[in-house]
Structures are given as C-alpha cells and as structure tokens.
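First up is the structure itself, then whatever we jot down about it.
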Amino acid sequence: MDKLVALSGILFFTADIFAIGSLANPDWIITNVAGHMRLGLTRQCQIIHGRPEICVFPNLSKEWMFTFICILAGILCITLTCFLLFASHWKREATKYARWIAFIGMTLFCLAAIVFPIGFHIDEIGGRPYKLPNHTQVGSSYVLFILAIFFTIISELFTGKVCLPVL
C-alpha cells in the first residue's frame with residue numbers, strides 16, 4: 001500500500017472518530033444562565049442549582065436537524081472512504097472512488113458547519129443567526145467537528161496526490 005494512501009486513510013479515520021465524537025457529546029453550545037446547560041445535536045443536558053444533571057433528546061430546529069443529517073451522511077461517506085482506501089491495496093482504482101466519496105463527505109461537513117450557526121435563534125440560546133449571546137459559547141463538540149472538517153480536507157489533499165497521473 002502506498003504511504004500516501006495509508007496516511008490519508010489514517011487521517012480520514014481520525015476525522016471520522018472526531019465527527020462521531022462530536023455527535024455523541026452534548027457540548028456544542030454551553031450556557032451558564034439559570035444553571036448550566038449543554039446543547040448538542042443528540043442530547044441536551046442541564047444542571048439547575050446543584051441538582052443532578054438531566055439529559056433529554058432535544059427538539060431540534062430545522063437548521064440543526066439539517067446539520068445533524070449532513071453530519072451523519074458525511075460520517076457514512078468518510079467511513080466508506082476508509083474501506084475503499086483499505087481495498088485499494090488489492091484494487092488500485094478504488095482510490096479514485098474513495099476520493100470522490102470523500103469529497104462528498106467533506107462537502108456535507110462544510111455545509112453542516114455553515115448551516116449550524118443559523119440555528120442560534122432557538123429559545124434555549126436566545127441569539128440570532130450566526131450570533132451567540134454574550135453568556136453563551138461554543139463547546140468542545142463543535143471544536144471536534146471543526147477538527148473533523150480540517151482532517152477531512154487534509155486527507156482529501158493527500159488522496160488527490162495519490163490519484164495524480166505520473167508523467
């Protein structure tokens with residue numbers, strides 16, 4: 001297996017883990033007004049005045065539901081890319097398909113990153129699209145997701161190097 005293919009496969013796998021981890025944690029948006037609230041795409045957790053933490057499945061806005069679907073589809077694309085890069089050890093042309101599927105996954109991740117801040121207007125946050133209130137901040141899950149985008153783009157560049165024709 002070519003070293004660049006192996007490196008891009010490892011980077012795609014890392015991006016996949018980061019994206020899955022970002023969905024698993026409710027730390028997309030954090031606010032400390034009237035208790036401690038952590039908002040995520042799969043869970044919403046709140047601690048009110050020292051009581052035990054309560055986590056529920058959030059009622060997602062249209063923007064955040066679209067973001068969730070884009071991230072899930074992106075994770076599936078990146079996972080398929082990892083399998084295709086592994087299969088390229090035996091069938092070299094699988095790298096070409098892996099590159100295109102990774103491009104689709106990268107596009108879905110970037111689209112999710114653009115649409116997610118539009119949902120800052122929900123009642124739990126009280127902001128405006130692309131503008132969080134002063135008492136609210138993005139959390140570690142959002143940072144993990146941005147890292148997943150970064151690793152996907154870098155991996156795509158390495159995969160592109162592999163697919164260039166030799167002159």
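- A donor-acceptor contact shorter than 3.5 Å is absent between the side chain of S61 and the backbone of G119.
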### Task
Could you go through the side chain to side chain contact (heavy atoms under 4.5 Å, CB included) check for S8 and L85 one step at a time?
CA-CA 8 Å; S8 65; L85 287 176; 3.7 Å; yes
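- The shortest side-chain heavy-atom distance between H135 and I30 does not fall under the 4.5 Å cut-off.
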### Task
Please assess R38 against W28 for the test side chain to side chain contact (heavy atoms under 4.5 Å, CB included), listing each intermediate value before the final yes or no.
CA-CA 7 Å; R38 301 179 304 145; W28 282 70; over 6 Å; no
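- Using modelled atom types, no side-chain atom of T136 and backbone atom of L132 make a donor-acceptor pair closer than 3.5 Å.
- Clustering ILVMFWY residues whenever any of their side-chain heavy atoms sit less than 4.5 angstrom apart, transitively, puts V138 in a cluster other than the one holding V115.
- With a 6.0 Å radius and a threshold of 12 heavy atoms from other residues, nucleotides or ligands, Y130 has its OH atom above the threshold.
- F116 and F145 have their aromatic ring centers separated by at least 6.0 angstrom.
- Taking CD of E93 as the start and OG1 of T95 as the end, the distance is 8.5 Å to the nearest 0.5 Å.
- Between F151 and F18, the ring center distance clears the sub-6.0 Å criterion.
- Residues I78 and L108 fall into different hydrophobic clusters, defined by Ile, Leu, Val, Met, Phe, Trp and Tyr side chains chained together at heavy-atom separations under 4.5 Å.
- In this structure, OG1 in T42 is found 10.0 Å from CD1 in I71, a value given to the nearest 0.5 Å.
- In the hydrophobic clustering of ILVMFWY residues, with side-chain heavy atoms under 4.5 Å counting as a link, L11 and L84 come out apart.
- Taking 4.5 Å as the limit, some side-chain heavy atom of M37 sits within range of a side-chain heavy atom of T31.
- By the 4.5 Å heavy-atom criterion applied to side chains, P58 and L39 are not counted as neighbours.
- Each of T152, I146, I153 was compared with F109 under the side-chain contact (heavy atoms from CB on, under 4.5 Å) criterion, and only T152 meets it.
- Here the CG atom belonging to L144 is positioned 7.0 Å from the CG atom belonging to N25, to the nearest 0.5 angstrom.
- Counting only residues at least two apart or in different chains, side-chain hydrogen bond (donor to acceptor under 3.5 Å, both in side chains) contacts with residues 109-126 comprise E63-H121.
- F66 and I104 are members of different hydrophobic clusters when ILVMFWY side chains are connected at heavy-atom separations under 4.5 Å.
- Judged purely by atom type and a 3.5 angstrom limit, W64 has no side-chain atom pairing as donor or acceptor with the backbone of I118.
- Rounding to the nearest 0.5 Å gives a distance of 10.0 Å between CG of L7 and CD1 of I154.
- Atom CZ of R99 and atom OG1 of T81 lie 12.0 Å apart (nearest 0.5 Å).
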### Task
For side chain to side chain contact (heavy atoms under 4.5 Å, CB included), just list the numbers for V143 and D27, CA-CA rounded to whole Å, side-chain angles, deciding distance to a tenth of an Å, and then say yes or no.
CA-CA 9 Å; V143 174; D27 293 334; over 6 Å; no
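- Side-chain contact check for T79 versus L76: every heavy-atom pair is 4.5 Å or farther apart.
- Both I149 and F68 sit in one connected hydrophobic cluster of ILVMFWY residues. Membership requires side-chain heavy atoms under 4.5 Å apart, directly or through other members.
- Distance check, rounded to the nearest 0.5 Å: CZ of R43 to SG of C55 gives 5.0 Å.
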